[in-house]
Amino acid sequence: MVITRFAPSPTGRFHVGVARTALFSYLWAKKNNGKFILRIDDTDKERSKIEYEEEIKAGLNFLGIKYDEIFRQSDRIARYKEVTDWLIENGFAYRCYCSPEELERYRQEALRKKMNPRYPGTCRSRKDFPKDKPFAVRFKVPDDIFTVEFEDLVMKKISVNSEEIEDFTLLRSNGLPTYNLASVVDDVDFKITHVIRGADHISNTPKQILLFRILGHIPQFAHLPLILPDEGEGKLSKRVESINSIYILDLKKDGFLTEAVTNHLARLGWAYKDKEIFSMDELIQLFDISEVNRTPARYNFKKLYWLNSEWIKILPDDILIQRLSEFLDFSDTTAEKIKQILPAVKVRVNSLLEMANMIKPLLSVETYDEEGVKEFFNETGKYILEELKEKLATLSDGENSRLEFDKILSELSQKYNVKKVFVAQVLRLALYGKLVSPPLYEVIRVLGIDETVKRIEKVIQRI
RNA sequence: GCCCCCAUCGUCUAGCCUGGUCUAGGACAUCGGUCUUUCAAGCCGGUAACGCGGGUUCAAAUCCCGCUGGGGGCGCCA
């Protein structure tokens, strides 16, 4: 059985790069009817924060990524210690008494001399074990020169000379394991078949393979090219009402649909022919880890934005309204009204937030656009509204009413010698409070004749 | 400094493995046009790429080498 895991460290916010790794890992497991495990890599107790862990879980939940199992590395400290002891006993690891300060000095020195800043192996063959001195435990890389080679599912063949691998730390002097140890032990214990992670881990892999070999289980590796940031542009922030767009929970807040986000994430470094729109089910069906690109991809916010508008058009009205309730308060009866105008709204918005903002004036008009008031709420506007009030009151319900409505606008336009657009805008502003709205006819239908007349009257009063 | 990886329109990519069908396809963005009571959406059309240099071959985006460029790593961080 395929078992994958997503192993974030709760040391920062949950962003699109990390989320993409989670997605691919999830997709690969589900595609193979396997298991997907969430592992919280919280062995760095200084930097790990519970709120980040919560954000990861909330983010995964939003993305529709469900894990079959979850655990924290901080709950398995004893196990890592046990493995470390065993490694020392069997000569695969040794105690290192070098102080962090000493090592840091050595590192700086080496860097200054433009030499390799690698551990010099000071304690490698040390025979004394001072009882009072703290020690870390290091892996003992075999002396003979050999090549560590592995077939990466994404990067293909990668090979590293053993001379390039230093005696890396397994256990810190505070008794906590390092990433390399904990990760390998867990991958072995949980029988992980595919380690899918960011390309920033490529250089850790040869080290880990050495450990895997000793522990007797070597998973397959798939290193995903990193996602580069989108060079943001000012224009967008105006429309989307948020610039901070790389964090999953912010996207949620800004009204992005999970379908759109997973869709875009999946297309970063992966493609299936010319297909652009993928549902989660399609992704599970079509995704192939070995077809992932090896080139870093740039996060494309505008494309995500477009995808969001596409998904708004695809999703059934009922689901949309349900999601909309996170952004707008409305009753069940109002929901029916919203449903009525949804087709007209859908094609005009790119996010749930925009959708909520477009529907709000339909529920009640609080203010009128200032520019519009100056331009349309004048003498002529008043006469037109008064006529409109009478004529719209008689608007029928039949199939022809749309034409009737259009005729009313045309006639008024002629009578008052103004452009038809003037008549329309006067009415729009009166009914909706803004100069941009869904089509007027739809607005009137949703408001109902009574409310339409009431809103017109209210405006006539104020002119 | 050393190590690893990568290289097609501005961006995401198809094609590359199994050379010819590629005068390089799609999508986002962008620019025109069309429709129109606003704003959108839709429809039609345009601009735009195989990083450079050597090979191999009848033939290279596709195979090989070098250069350049980009990314990642070199912690008692993950």
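Because the structure is predicted, anything quoted here is derived from the model rather than measured.
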When the distance from [atom1] of [X] to [atom2] of [N] is rounded to whole Å, what number comes out?
{"X": "Arg428(A)", "N": "A40(B)", "atom1": "CZ", "atom2": "P", "result": "12 Å"}
{"X": "Lys434(A)", "N": "A40(B)", "atom1": "NZ", "atom2": "P", "result": "14 Å"}
{"X": "Gln208(A)", "N": "A78(B)", "atom1": "CD", "atom2": "P", "result": "11 Å"}

Quiz item: Has the side chain of Tyr272(A) got a donor or acceptor atom that lies under 3.5 Å from a matching backbone atom of Arg267(A)?
Solution: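 No, the answer is negative, given that no donor and acceptor are paired below the 3.5 Å cut-off.
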Practice problem: Look at the side chain of Asn204(A) and the base of A78(B), then say whether one donor and one acceptor between them are separated by less than 3.5 Å. | Solution: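 Indeed there is one.
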Self-check item: Donor/acceptor link under 3.5 angstrom from Asp200(A) side chain onto base of G73(B)
Solution: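 Per atom types, no contact qualifies.
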Exercise. Classify the angle between the aromatic ring planes of Phe405(A) and Tyr441(A) as parallel (below 30°), tilted (30 to 60°) or perpendicular (above 60°).
Key: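 Tilted.
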Quiz item: Taking the inter-plane angle between the rings of Tyr305(A) and Phe256(A) on a 0 to 90° scale, is it parallel (under 30°), tilted (30 to 60°) or perpendicular (over 60°)?
Solution: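 Answer is tilted, since the angle falls between 30° and 60°.
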By the 4.0 Å heavy-atom rule, please label [X] as base, sugar-phosphate, or nothing.
{"X": "Glu166(A)", "result": "sugar-phosphate"}
{"X": "Leu170(A)", "result": "nothing"}
{"X": "Pro439(A)", "result": "base"}
{"X": "Leu226(A)", "result": "sugar-phosphate"}
{"X": "His201(A)", "result": "base"}

Counter-base of [N], judged by Watson-Crick or G-U geometry with both distances under 3.5 Å:
{"N": "G1(B)", "result": "C74(B)"}
{"N": "G51(B)", "result": "C67(B)"}
{"N": "U38(B)", "result": "none"}

Whole-angstrom distance between [N] and [M], as gauged at atom [atom1]:
{"N": "G45(B)", "M": "G53(B)", "atom1": "P", "answer": "35 Å"}
{"N": "U30(B)", "M": "C12(B)", "atom1": "C1'", "answer": "16 Å"}
{"N": "A14(B)", "M": "C28(B)", "atom1": "C1'", "answer": "15 Å"}
{"N": "G42(B)", "M": "A29(B)", "atom1": "P", "answer": "9 Å"}
{"N": "U56(B)", "M": "G1(B)", "atom1": "C1'", "answer": "36 Å"}
{"N": "G20(B)", "M": "A59(B)", "atom1": "C1'", "answer": "6 Å"}
{"N": "C74(B)", "M": "G19(B)", "atom1": "C1'", "answer": "39 Å"}
{"N": "G25(B)", "M": "U8(B)", "atom1": "C1'", "answer": "11 Å"}

Practice problem: Report, as a single string ordered 5' to 3', how protein heavy atoms within less than 4.0 Å touch nucleotides 2-13 of chain B: B base, S sugar-phosphate only, - not at all. | Solution: BSSSSS---BBS
Quiz item: In terms of the nearest nucleotide of RNA chain B, which residue is placed more toward the 5' end: Glu291(A) or Ser99(A)?
Solution: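 The residue whose closest nucleotide sits nearer the 5' end is Glu291(A).
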Quiz prompt | Of Leu409(A) and Phe135(A), the one whose closest RNA chain B nucleotide lies more 5' | solution =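 Mapping each residue to its closest nucleotide by heavy atoms, the 5'-most match is Leu409(A).
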Which protein N or O atoms sit under 3.5 Å from an N or O of nucleotides 41-45 of chain B?
residue	atom	partner	partner atom	Å
A41(B)	O4'	Val347(A)	O	3.1
A41(B)	O3'	Lys313(A)	NZ	3.4

Exercise. Have a look at Asp186(A) and tell me which of Arg79(A), Gln73(A), Arg5(A) forms a side-chain hydrogen bond (donor to acceptor under 3.5 Å, both in side chains) with it.
Key: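 That would be Gln73(A).
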Quiz item: Hey, does the Lys NZ or Arg CZ of Arg20(A) hover above the aromatic six-ring of Phe24(A), less than 6.0 Å from the centre and inside 45° of the axis?
Solution: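 Here Arg20(A) passes the 6.0 Å and 45° test against Phe24(A).
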Quiz prompt | Lys275(A) NZ/CZ over Phe278(A) ring centroid, <6.0 Å and within 45° of normal | solution =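 That pair qualifies as a cation-pi contact.
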Quiz prompt | Contact under 4.0 Å: Arg47(A) side-chain N or O vs A78(B) OP1/OP2 | solution =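 For Arg47(A), the contact criterion (side-chain N or O under 4.0 Å from OP1 or OP2 of A78(B)) is not met.
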Quiz item: Among residues 178-186 of chain A, which contact RNA chain B at a heavy-atom distance under 4.0 Å?
Solution: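 Those residues whose heavy atoms fall under 4.0 Å from RNA chain B, taken from residues 178-186 of chain A in numerical order, are Thr178(A), Tyr179(A).
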